[in-house]
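First the structure, in the form of C-alpha cells, and then the observations on it.
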2 protein chains.
Amino acid sequence: MLTRGKLATQTGCNIETIRYYETIGLLPAPARTASGYRDYSDEHLRRLNFIQRARSLGFSSEQTQGLLDLTEAEGNKTRADVKSLTEAHIDEISQKIKDLQKIKKRLRQISSFCDGSEKSASTCPILESLFDDN
Amino acid sequence: MLTRGKLATQTGCNIETIRYYETIGLLPAPARTASGYRDYSDEHLRRLNFIQRARSLGFSSEQTQGLLDLTEAEGNKTRADVKSLTEAHIDEISQKIKDLQKIKKRLRQISSFCDGSEKSASTCPILESLFDDN
DNA sequence: CTAAACCCTGTATCTGATACAGGGTAAAGC
DNA sequence: GCTTTACCCTGTATCAGATACAGGGTTTAG
C-alpha cells in the first residue's frame, strides 16, 4: 500500500505537490482504497521521480509532459513524428548542458583563484567573467 | 540609450519581467533620464542574460542571486568562504549535467529506434526506459 | 502638430507550488 | 474494545515568479 505520504517520503516531493500534479494531469490518478485513500503503483513512483528531475532542470510542466508523452506515443503519431520531436528535445538538452558547463568552468576558476588565502574575496578579478558568453 | 523595451528585445526577456527583477532586487535599478525613463548599462545587459540562463537551468531566483553574489563578494566574506560556496554550486551543477545527460541518452535511444519506419510509435519498447535511474 | 509607439506606475491575473482548515480513517497503545 | 495519534480526504487560501492590463505621460515619425 503506497499512500500519498509514503510516495512523498520516497521521492522527496512535497505531499501537496503530488495532488497538484494529479489535478494538472502530470501524474495519473491512482487507484483508490474502499475508504478513498490513494494507492500508487511503482509506475507512479518512477514517473514522479522523472517529473521532479525534469522540473529541477528547468523544464516547465508542459515540457515535462511532452517528454513523458514520448513514452506513451498515442497511435496517431508515427515513428517519424516521435523522432523529430525527440531530436528537438535533444537539441534543447544539449544547449542546457553547454550552459551548465560554461557556468561550471567559471566557478572552477573562481574556486582555484580563491585557494587558501584569507584575504577579502572582493579582490578576486576572475569573478567578473561569470557574465561572459563563452 | 538602452531603454527597458530595447533591453527586453536584446535579451528575449519579457519587458514586465525586467521590472519584476528590479523589484525583487535581482537586477539593480538603472539610471533614469530626466523624464523618468530607465537607462540600462552593458552591465545590466550581461547580468540579465546570465539571470535568464540560470533561471532556464532550474536555479531559483534566490540561487541565481547566490551565484551573482559570488561576483560581488562583499568585504565580509573571506576567500575561503567564497571557495566553499563556489564548490557547493559546482557540485549542484555537476549533478544537473549528469541528469541531463541521462535524459539525453534515453532520447538518443528513442530517436535511433524510431529511425525511418512509418509504423505507429506505440510499438516502441525503449520509451519505457525513460523513467529508469541510470 | 498629431498619431503611433513607447515609457511610467499600480494593480490584477496566471501558473506552479504549498499551506491550512475541517473532517474522516487507520493503527498503535492501553 | 476504546482512545489517541498519525495519517488521509477535500476545498480553499497563500506565496513566488512571472506576465498582463489600465490609465496616463513622453518621444518620434510623418
Side-chain angles (χ1 to χ4, degrees), chain A residues 1-42 44-45 47-69 92 96 99, chain B residues 1-42 44-45 47-69 92 96 99:
Chain A
M1 171 81 183
L2 185 53
T3 66
R4 187 154 59 105
K6 284 182 191 164
L7 186 63
T9 305
Q10 286 185 34
T11 58
C13 184
N14 183 293
I15 190 169
E16 299 297 333
T17 304
I18 294 173
R19 193 159 56 109
Y20 171 69
Y21 286 159
E22 185 178 323
T23 67
I24 65 170
L26 204 48
L27 194 63
R32 297 277 185 145
T33 67
S35 57
Y37 283 27
R38 289 174 180 82
D39 187 10
Y40 294 94
S41 66
D42 284 4
H44 285 101
L45 180 65
R47 191 176 171 111
L48 182 53
N49 274 325
F50 178 80
I51 291 169
Q52 286 201 275
R53 215 182 309 165
R55 297 292 293 113
S56 83
L57 293 169
F59 294 99
S60 68
S61 297
E62 206 172 349
Q63 287 172 316
T64 303
Q65 183 77 63
L67 288 166
L68 287 167
D69 284 349
E92 189 182 2
K96 278 178 189 281
D99 285 344
Chain B
M1 172 78 183
L2 184 53
T3 66
R4 185 154 61 104
K6 283 181 192 164
L7 186 63
T9 306
Q10 285 184 34
T11 58
C13 184
N14 182 293
I15 190 169
E16 300 296 332
T17 304
I18 294 173
R19 194 159 57 107
Y20 171 68
Y21 285 159
E22 186 179 323
T23 68
I24 65 169
L26 204 48
L27 194 64
R32 297 276 184 146
T33 67
S35 58
Y37 282 27
R38 289 175 180 82
D39 187 10
Y40 293 94
S41 67
D42 283 4
H44 285 102
L45 180 64
R47 191 174 171 111
L48 182 54
N49 273 325
F50 179 79
I51 291 168
Q52 286 203 277
R53 218 183 308 166
R55 298 294 293 114
S56 83
L57 293 169
F59 294 100
S60 69
S61 298
E62 206 172 348
Q63 288 172 316
T64 303
Q65 184 77 62
L67 287 167
L68 287 167
D69 284 348
E92 191 183 359
K96 278 178 189 280
D99 285 343

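In the text below, chain A, chain B and the rest are named by the order of the sequence lines, each starting its count at 1.
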Please state whether the base of D/dG25 and the side chain of B/Tyr37 form at least one donor-acceptor pair under 3.5 Å?
yes
Side chain of [X], heavy atoms from C-beta onward: which of [options] has the nearest atom to it?
| X | options | result |
| --- | --- | --- |
| A/Ile15 | C/dA17, D/dC8, D/dT19 | D/dC8 |
| A/Glu16 | C/dA19, C/dG16, D/dC9 | C/dA19 |
| B/Arg55 | D/dA20, D/dA18, C/dG16 | D/dA18 |
| A/Ser35 | C/dG16, D/dT19, C/dT25 | C/dT25 |

Give a yes or no answer on whether the side chain of [X] reaches the backbone of [Y] with a donor-acceptor pair at less than 3.5 Å.
| X | Y | result |
| --- | --- | --- |
| B/Thr3 | B/Lys6 | yes |
| A/Gln10 | A/Leu7 | no |
| A/His44 | A/Leu27 | no |
| A/Arg47 | A/Leu26 | yes |
| B/Asp39 | B/Leu2 | yes |

So, does [X] get its side chain near the phosphate of [N], meaning an N or O under 4.0 Å from OP1 or OP2?
| X | N | value |
| --- | --- | --- |
| A/Thr3 | D/dC8 | yes |
| A/Arg4 | D/dC9 | yes |
| A/Tyr21 | C/dA17 | yes |

In terms of side-chain geometry, is the basic nitrogen of A/Glu16 or A/Arg19 positioned less than 4.0 Å from the acidic oxygen of its partner?
yes
Over how many whole Å does the gap from A/Gln63 atom CD to C/dT15 atom P extend?
16 Å
Have a look at [X] and say if it touches a base, only the backbone sugar-phosphate, or nothing, with a 4.0 Å heavy-atom cut-off.
| X | value |
| --- | --- |
| B/Arg38 | sugar-phosphate |
| A/Ile24 | nothing |
| A/Arg19 | base |

Could you write out each protein N or O paired with an N or O of nucleotides 28-30 of chain D at a distance under 3.5 Å?
none

Checking side-chain contact (heavy atoms from CB on, under 4.5 Å) for the pair A/Phe50/A/Arg55: CA distance, chi angles, key distance, verdict?
CA-CA 9 Å; A/Phe50 178 80; A/Arg55 297 292 293 113; over 6 Å; no
